[in-house]
There are 2 protein chains.
Amino acid sequence: MSSSPSIAPLPTKLVSIKEMRANIAAFRRKNPDAAVGFVPTMGALHAGHLTIVTQAKIECDYVVASLFVNPAQFAANEDYDIYPRPIEEDMKLLGQEGVDAVFVPTTQEIYGDKNALEEGTAVEVRGLSHQLEGAIRPHFFRGVATVVSKLLNIVQPDFIYLGQKDAQQAVVVRNMIKDMHIPSELRVIQTVREKDGLAMSSRNAYLNEAQRAIAPLLYQAMGEALRLYVHEKERSTKVLLDAVKDYIRENGNELTELQYISINDTESLYEVETIGKQGALLSGALLLGEIRIIDNIILR
Amino acid sequence: MSSSPSIAPLPTKLVSIKEMRANIAAFRRKNPDAAVGFVPTMGALHAGHLTIVTQAKIECDYVVASLFVNPAQFAANEDYDIYPRPIEEDMKLLGQEGVDAVFVPTTQEIYGDKNALEEGTAVEVRGLSHQLEGAIRPHFFRGVATVVSKLLNIVQPDFIYLGQKDAQQAVVVRNMIKDMHIPSELRVIQTVREKDGLAMSSRNAYLNEAQRAIAPLLYQAMGEALRLYVHEKERSTKVLLDAVKDYIRENGNELTELQYISINDTESLYEVETIGKQGALLSGALLLGEIRIIDNIILR
C-alpha cells in the first residue's frame with residue numbers, strides 16, 4: 001500500500017483569552033521545563049511569516065501563533081477595514097508548519113468596548129516611536145507596543161518572534177521587553193524576499209501589475225549603498241544616502257516617490273553621520289501611489 | 001522555663017530582579033497550586049501598610065512586599081529626595097507580619113540608565129489619569145501604572161494589594177490590569193486611620209504640630225457629606241460638596257486650604273451630578289502649607 005499524501009491537521013484554534021491561557025497552562029503543567037514560542041501576526045500569511053514559524057518550531061517545544069489585525073496600529077485613513085483576513089487559509093498554512101495553537105481573538109476580546117486608538121491603557125516606548133516610520137505614522141508604535149504587551153501577558157511565552165522586515169518594530173519591542181522586565185526573549189528573523197528582491201509583505205497584494213514591476217526599486221537602491229559600504233568602505237551616511245536617492249531618481253518612474261531614506265543606530269535609532277564598528281540600520285519607504293513599500297538592511 | 005519573647009526573623013531581602021524571580025520560581029515549583037500575594041509599597045511603613053500585609057497573609061500562601069520609592073511618580077518640584085527610606089525598620093515590621101520575601105531594588109535595577117520621568121517605556125491609563133489627583137500631578141499616574149506594570153512582570157503574583165487611601169491609584173491599576181490582560185487580581189484594602197480620623201500616610205511625618213492638629217479636617221468635612229448622604233438621603237453632589245466646603249470654611253484656620261473636593265463614579269471617575277444606586281467616590285485634597293492631605297470615602 002502506498003501512503004496517501006499526508007494532510008496536516010489544523011492547529012488548535014483558540015478564540016478567548018481564557019481558552020488561550022488554559023491551553024498554555026495545560027502544556028506547561030505537563031512540560032514544566034519546555035520552551036514556548038510565540039509568533040504574533042496580523043494574518044494574511046506569506047513565506048516571511050512561515051520562515052519565522054519554522055525557526056520558532058526549531059527552537060521551541062510548543063509554538064503559538066496569533067492572527068489579529070490590531071486596530072490600534074491603523075490611523076483612521078489607513079487600511080484597517082480592507083486589510084486581508086484569510087483566516088482559514090492561514091490556519092492551514094500554520095498547520096502545515098506544525099504550529100501547536102493559534103490565538104484568533106476578536107477585537108472585543110483584546111480591547112473590550114474601548115476605542116483602541118484613543119481609550120484604555122496604552123504602552124509607549126518613548127524615544128523610539130517618533131522617528132522613521134513613527135514620523136509618518138505617529139500612532140503606529142504605540143499601537144504595536146500596546147498589543148504586543150497584551151499578547152505577551154496572555155500567552156506568556158519564553159520566546160517571541162518578529163521579522164526584521166519591520167526593523168523599527170523589533171527595536172521598539174526589544175526595548176519594551178527590557179524596560180518593562182517582561183519575562184520573554186525576542187528573536188528577530190531575517191526578511192524573506194521574492195526572486196526580484198521585493199521583501200515579502202501582506203500588503204504586496206495591493207500592488208497592481210505596474211506597481212509590482214517597479215516595487216523592488218527600494219531594495220535595489222539600498223543594494224547600491226550596501227555595495228559602497230562593503231566594497232568601497234564608504235562610512236559617510238550622506239554619501240550612502242545620496243547613492244540610494246540617485247539610484248531611485250535614475251531608475252524610478254512616474255509611479256515612484258521616495259518618502260524617506262535614513263541611516264540610524266540599530267539600538268537607539270539616532271541618526272548617525274558616520275557608521276562605526278557597530279554598524280547601522282539603513283531603512284526607507286517608497287511610495288507607489290497610495291501604497292507604501294518599506295524595507296531595510298543592516299550595514300555591518 | 002518561660003519562653004523568651006519571640007523575635008521574628010527578617011524576611012528574605014532580594015535586591016536584583018534575577019534574585020526576586022528565582023525566589024518566586026523556587027516557591028512556585030514546590031507549590032504549584034499556591035497563591036502568591038504582592039504588596040508594593042514605597043516603604044516608610046505604617047499601620048495602613050501592615051493591615052494590607054495582614055490581609056495578604058490571610059488570603060495567600062506566600063507574600064512578597066516591595067520597598068521602592070518610584071522616581072517616575074514624583075515631579076521635579078516634589079519630595080523624591082527627602083521621602084523617608086527607613087529600610088531596616090521596614091524590614092523588621094514586614095518580618096513581624098510574616099512576609100516571606102521583600103523586593104528592594106535600586107532605581108537602576110528598575111529603570112536602567114534612563115530618566116524615569118521622561119525616557120523609556122511608559123504605561124498610561126487614558127481617561128483615568130488626568131482628573132482629580134492627576135489634574136494636580138499630571139505625571140503621577142503614568143509613573144504609577146508604569147512601575148506597577150514592571151513590578152507585576154517581575155513578581156507575577158496571583159494577587160496584588162493596594163490601599164483604598166489612594167483611591168484613584170486603585171482605579172487606575174484595576175483598569176490597567178483589565179485592559180492589559182495582566183494575570184493578577186487586584187485587592188483593595190480599606191484605609192486605616194489615626195484615632196482622630198486622619199488617614200495614615202507616610203507623608204504625615206512631614207506635619208508640624210499645628211498642621212497635625214488640624215489635619216483631620218478633610219476627613220471630618222467628608223463625614224458631613226456622609227451624614228447627609230446616609231441620614232438625609234441627599235443625592236445631589238452640589239449639596240454634598242457644598243457641605244464639605246462649608247465645614248472646612250467654618251472649621252479650618254489660616255493653615256488650611258481646600259485644594260479640590262469632587263464626587264465621581266467609582267469606576268469611570270466621571271463627575272456625577274446625582275448619586276445613583278452604584279454609589280460614588282468622594283475625594284479631595286487639603287493643603288496645609290506645602291503638605292497635601294488627600295483622603296476619600298465611598299458614598300454607598
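Sequence lines set the chain letters: A, B, ... in the order given, protein chains first and strands last, and positions in each chain run from 1. Treat the numbers as computed from the prediction; the structure is a model and nothing was measured.
Note that NE2 of A:His181 is 4.5 Å distant from CD1 of B:Ile154, once rounded to the nearest 0.5 Å. Note that OG1 of A:Thr121 is 10.0 Å distant from CD1 of B:Ile177, once rounded to the nearest 0.5 Å. Atom CD of residue A:Glu119 and atom CG of residue B:Asn175 lie 11.5 Å apart, to the nearest 0.5 angstrom. Taken to the nearest 0.5 Å, the OG1 atom of A:Thr146 stands 6.5 Å off from the CZ atom of B:Arg126.
When heavy atoms are compared at a cutoff of 4.5 Å, B:Lys178 does not approach chain A at all. Contacts of B:Ile182 with chain A are made by both backbone and side-chain atoms, with heavy-atom separations under 4.5 Å. With a 4.5 angstrom heavy-atom cutoff, B:Gln156 touches chain A only via side-chain atoms. When heavy atoms are compared at a cutoff of 4.5 Å, B:Glu124 approaches chain A by way of both its backbone and its side chain. B:Arg142 touches chain A through its side chain: at least one heavy atom from C-beta onward sits under 4.5 Å away, while N, CA, C and O do not.
Side-chain N or O atoms of B:Asp179 include none that pairs as donor or acceptor with a backbone N or O of A:Gly120 at under 3.5 Å.
At a threshold of 4.5 Å between non-hydrogen side-chain atoms, the residues B:Asn153 and A:Leu152 do not count as touching.
For B:Glu185, the CD atom counts as densely surrounded, since its 6.0 Å shell holds more than 12 non-hydrogen atoms of other residues, nucleotides or ligands. Heavy atoms of other residues, nucleotides or ligands lying less than 6.0 angstrom from CD of A:Gln190 number 12 at most. Within a 6.0 Å sphere centred on CD of A:Glu271, heavy atoms belonging to other residues, nucleotides or ligands number 12 at most. Other residues, nucleotides and ligands contribute at most 12 non-hydrogen atoms within 6.0 Å of the CG atom of A:Asp113. Within 6.0 Å of CD on B:Gln278 lie more than 12 heavy atoms contributed by other residues, nucleotides or ligands.
The choice from B:Lys150, B:Met176, B:Lys114 that makes the most heavy-atom pairs within less than 4.5 Å of chain A is B:Lys150.
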